[in-house]
Amino acid sequence: MKLPKTYQPSEHEDSIYALWEKSGAFQPSGKGKPYSIVMPPPNANANLHLGHGLTLAIEDILIRYHRQKGENVLFVPGADHAGFETWVVYEKKLVQEGKSRFDFSREELYKQIWDFVAKNKDNYERQFRQLGASPDWRHYVYTLDDKIVKRAYATFKKMFKEGRIYRAEKLVNFCTYHGTGFADIEVAHKEEQGHLWHIRYPLTDGSGEMVVATTRPETMLGDTAVAVNPGDKRYAKLVGKTIKLPLTHREIPILADDFVDMEFGTGAVKVTPAHDPNDFEIGQRHDLPLISVISHEGKLVDVPENYRGMSVEEGRQKILAHLKEQGFLLKTEKHTHSVGHCYKCDTVIQPLLREQWFIDVQPLAKRAIEQLKNKKIVFHPESKRDQLIKYLEGLRDWNISRQIAWGIPIPAFQNVDDSDDWIYDDRVKEEIIEVEGKTYRRDPDVFDTWFSSSSWPYATIDYPDGDDFKTFYPLSVMETAADILYPWVSRMIMFGLYVTDEIPFREVYLHGLIQDEHGQKMSKSKGNVVNPIDKVKEYGSDAFRMGIISDESAGKNRPYDESKLVGARNFANKLWNITRYIEDVLGDETAREETKPNTAADHWILSKLQQSQKKICQDLDSYRFAEAYNTLYHFVWDDLADWYIEASKTDPNKPLLAYLLEKVLILAHPFAPFLTETIWQTLAWENESVLAVRVIKETSPFDSKQAEEFGEVQAIVAEVRAIQRALKVSGVTLQHDNISFLNNNSGVIKRLARLKSVAIAKKGSGIQLTGTKHACWLNIEVSQARKYAKELSDKHERQKAIIKQLEGRLANKNYVENAPGKIVDQTRQQLTEAKELISAIETEQKRYAS
RNA sequence: GGGUGAUUAGCUCAGUUGGCUAGAGCAUCUCGUUUACACCGAGAGGGUCGGGGGUUCGAGUCCCUCAUCACCCACCA
């Protein structure tokens with residue numbers, strides 16, 4: 001025996017992977033229909049988590065399966081510099097070392113982080129190999145590669161020239177800890193228990209007061225108006241008058257604006273255009289001045305001296321205390337509201353005025369929405385399409401500037417003498433450039449990472465002139481995590497249409513989050529993170545892959561379940577042992593080209609193979625990974641191992657066994673690439689043959705009538721086993737009146753049912769089987785068999801119930817008239833069979849009763 | 001405030017256009033060492049498909065409603 005008793009993944013995986021790479025198995029074949037997937041680039045600097053494991057499992061199953069269909073397959077691997085994410089990690093490291101980002105110039109920081117990431121990048125590439133991913137590594141792309149940066153610049157330039165990108169001073173979501181702005185979508189909103197403070201604002205003319213309600217009293221120092229609804233009778237007379245703002249004594253107008261909700265609070269709103277997006281818009285409509293009272297460091301500035309330099313929270317307390325002292329604070333209410341936080345450090349996001357680059361997204365969104373509505377892209381799950389459309393419809397302009405060092409520098413320069421004069425230029429290594437006799441200074445900011453990754457589907461394959469682009473675009477599938485539908489998928493679609501005039505991919509498959517076993521989100525802080533590489537080491541790469549997809553359903557979050565990995569490990573071992581057995585039986589006889597099914601079992605297993613292969617292919621074509629795996633599992637374990645191989649032990653059909661093994665290895669390959677290739681290489685049935693590039697072919701023909709007859713064998717075996725168990729007998733003989741079917745299958749039945757023999761006899765005494773159309777009986781004394789009467793009577797009851805139900809159905813005129821003829825016939829057929837069965841049971845019962 | 005998904009066996013989940021007695025894996029229990037495999041084999045038990053209503057000859061599946069849970073979006077001062 002060449003193979004050891006259990007499959008030891010770690011002994012084979014590395015060398016098998018090396019073999020694949022050396023053989024060129026992962027390269028596009030250049031023949032057949034193009035099929036392409038570009039990997040969502042994982043953060044090059046981070047450790048893999050289960051999400052990566054799932055992503056690669058799904059993508060690699062698709063990729064390997066499409067290779068097996070004979071397609072021209074391109075799988076592009078990549079890695080992400082992950083701008084802000086990595087920046088945060090690096091900054092933490094600096095802090096641990098007692099340094100800070102302020103100790104270095106941006107250029108120095110960029111260089112340091114580049115080296116820092118470079119060290120970790122190899123780590124993740126190795127881990128992808130351990131997971132069995134089969135990309136063409138020659139195509140490896142890093143998000144800071146020249147071609148990606150150039151593409152980002154080309155897009156920026158096009159948008160800049162066409163007026164799709166503009167520079168403006170607007171309110172930006174700003175994290176005062178990290179010192180950078182964010183796009184709307186990056187802000188993490190949280191429900192918080194806060195307060196609604198009612199503050200008296202006295203009229204300047206002394207004729208009374210207004211009461212405003214606010215959750216952020218500290219911003220009152222930047223108020224430039226009080227607004228009421230134009231239809232609010234309570235305040236109609238006051239519109240046009242002015243307020244004397246408490247604490248600062250600044251005079252501000254009372255104005256009417258539709259935005260104000262009469263029902264909320266007091267119906268009067270303080271307007272702080274520099275620190276609230278709604279107020280900003282009111283300010284624009286009414287031409288109000290902008291007074292910034294919070295700095296980018298989160299301190300109060302441009303305020304009366306006694307508040308200056310305080311943090312927002314300190315200032316709030318101080319101001320409230322003063323308002324109270326001076327009798328301006330009318331009341332304090334509890335109030336829950338949603339507050340934006342930095343998703344990394346949890347600092348409250350401040351809307352701050354800042355000049356940034358924005359993309360005018362609605363025109364881009366419009367095109368995307370059109371294509372989505374026309375179903376030009378297929379979604380799995382389908383429901384995500386409408387969600388995406390809704391999102392795009394409400395999308396506001398996208399802030400793409402980030403004030404961090406780690407990222408792609410924005411290729412824009414500002415005239416030092418004219419702050420409104422911005423030009424595009426890609427000489428980003430220069431801080432100062434001269435153009436047409438004017439001096440320009442580079443924008444110190446970098447792009448939002450998502451800006452460059454929006455071009456990922458075509459930038460990676462060399463748009464516009466590369467051969468890959470011409471062959472493989474649009475991509476076949478974009479497979480990624482459901483939670484980046486908005487930040488990434490939406491933008492790839494918008495950018496793809498804008499830049500290439502085509503949808504970037506034909507289908508989108510979104511997978512859900514893998515939570516911990518209790519349904520909690522996995523996170524470092526909770527300490528419930530599972531490292532996929534640990535699991536690969538524990539159970540094998542294939543077991544990890546099969547286990548992780550065995551519950552997969554598009555778009556659905558689901559808990560991690562280690563027992564699935566154990567089950568998959570056992571399945572891998574089952575396949576291993578099937579191989580050991582077949583190899584042992586075959587010896588040197590490995591011919592398998594011509595299958596000649598002889599027995600009912602032979603025909604039956606070929607029919608099962610055909611059904612299973614068809615089902616697996618259909619399931620994979622429709623992204624039903626768990627179903628496909630399940631079909632494979634049951635074909636291999638139940639049909640092949642438990643029935644066919646056991647049946648074949650009496651008289652093995654060697655070419656057929658060899659044929660079945662090869663077929664199974666091919667079918668199982670996308671699910672268990674290492675195991676199947678290891679087996680294939682160990683068998684060495686063909687020289688220089690790599691399983692990974694073999695294609696799925698039509699299965700061998702069989703006779704379906706004979707295949708069906710194996711069902712009788714199974715029925716007889718099952719009943720004999722049941723009787724023997726019930727009566728605790730063994731060594732019995734099955735007798736029949738020279739029936740050819742039983743003669744033909746006697747060896748198999750004897751073996752599977754653990755009989756002493758199958759013999760010909762004249763209708764004799766003993767227990768007659770009731771579950772088969774063939775008359776046969778066991779040589780067990782009726783007296784002894786009486787013990788079996790209970791089982792028989794249970795069986796009788798069950799049959800009676802079935803008959804009653806079927807008869808009832810057929811007695812229902814409406815059913816017979818309205819149900820399709822096929823269904824009604826089926827019911828009649830069932831009734832006939834049930835009656836035959838019950839009469840056989842009754843005959844037996846009478847014999848015991850005597 | 002808006003949206004999406006979920007609710008099926010003890011646990012984790014399938015159940016594709018409504019149609020055999022609702023399935024699987026794990027767990028539990030019984031029996032078993034038989035030319036690969038105890039990471040095994042043969043079996044068994046376990047479900048009023050979240051509640052209520054409706055459509056239909058027929059509903060886990062379609063419609064309405066209620067409840068619970070989860071997630072996402074949102075500029076409610």
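Please read these numbers as outputs of a predicted model, since none were measured by experiment. The sequence lines fix the lettering, A, B, ..., with proteins before strands; numbering per chain opens at 1.
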Those residues that, when tested against [X], pass side-chain contact (heavy atoms from CB on, under 4.5 Å) (two or more places apart):
{"X": "A:Pro230", "result": "A:Ala256, A:Asp258"}
{"X": "A:His341", "result": "A:Lys190, A:Glu192, A:Val339, A:Asp346, A:Val348"}
{"X": "A:Ala722", "result": "A:Arg725"}
{"X": "A:Gln284", "result": "A:Phe280"}

Counting only side-chain heavy atoms from C-beta out, which of [options] sits nearest to [X]?
{"X": "A:Lys5", "options": "B:U35, B:A77, B:C37", "value": "B:C37"}
{"X": "A:Ala641", "options": "B:U12, B:A36, B:G43", "value": "B:A36"}
{"X": "A:His335", "options": "B:A77, B:C26, B:C40", "value": "B:A77"}
{"X": "A:Asn814", "options": "B:G15, B:A74, B:C57", "value": "B:C57"}
{"X": "A:His634", "options": "B:A24, B:U35, B:G43", "value": "B:A24"}

Treat a base pair as Watson-Crick or G-U wobble with both distances under 3.5 Å, then lay out RNA chain B in dot-bracket form, 5' to 3', with | for cross-strand pairs. (((((((..((((.....[...)))).(((((.......))))).....(((((..]....))))))))))))....
Residue pairs passing the salt bridge (charged side-chain N to carboxylate O under 4.0 Å, His left out) test where at least one lies in [range], sequence neighbours excluded:
{"range": "residues 635-646 of chain A", "answer": "A:Glu646-A:Lys649"}
{"range": "residues 813-832 of chain A", "answer": "A:Asp825-A:Arg828"}
{"range": "residues 538-552 of chain A", "answer": "A:Asp60-A:Arg545, A:Lys535-A:Glu538, A:Asp551-A:Lys564, A:Glu552-A:Arg558"}
{"range": "residues 617-628 of chain A", "answer": "A:Lys69-A:Asp621, A:Lys615-A:Asp619, A:Lys615-A:Glu627, A:Asp619-A:Arg624, A:Arg624-A:Glu627"}

Once base and sugar-phosphate atoms are separated, protein heavy atoms under 4.0 Å mark nucleotides 17-22 of chain B, 5' to 3', with B, S and - as --BBB-
All N/O contacts under 3.5 Å from nucleotides 1-5 of chain B to the protein, with atom names and distances to one decimal?
from	atom 1	to	atom 2	distance (Å)
B:U4	O2'	A:Gln387	NE2	2.9

Could you work out the separation of B:A24 and B:A36 based on their C1' atoms and round it to a whole Å? 25 Å
Going by heavy atoms closer than 4.0 Å, what residues in residues 256-267 of chain A are next to RNA chain B?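 Close to the strand are A:Val260, A:Asp261, A:Phe264, A:Gly267.
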Look at A:Lys574 and B:A38 and indicate whether a side-chain polar atom (N or O) is within less than 4.0 Å of OP1 or OP2. no
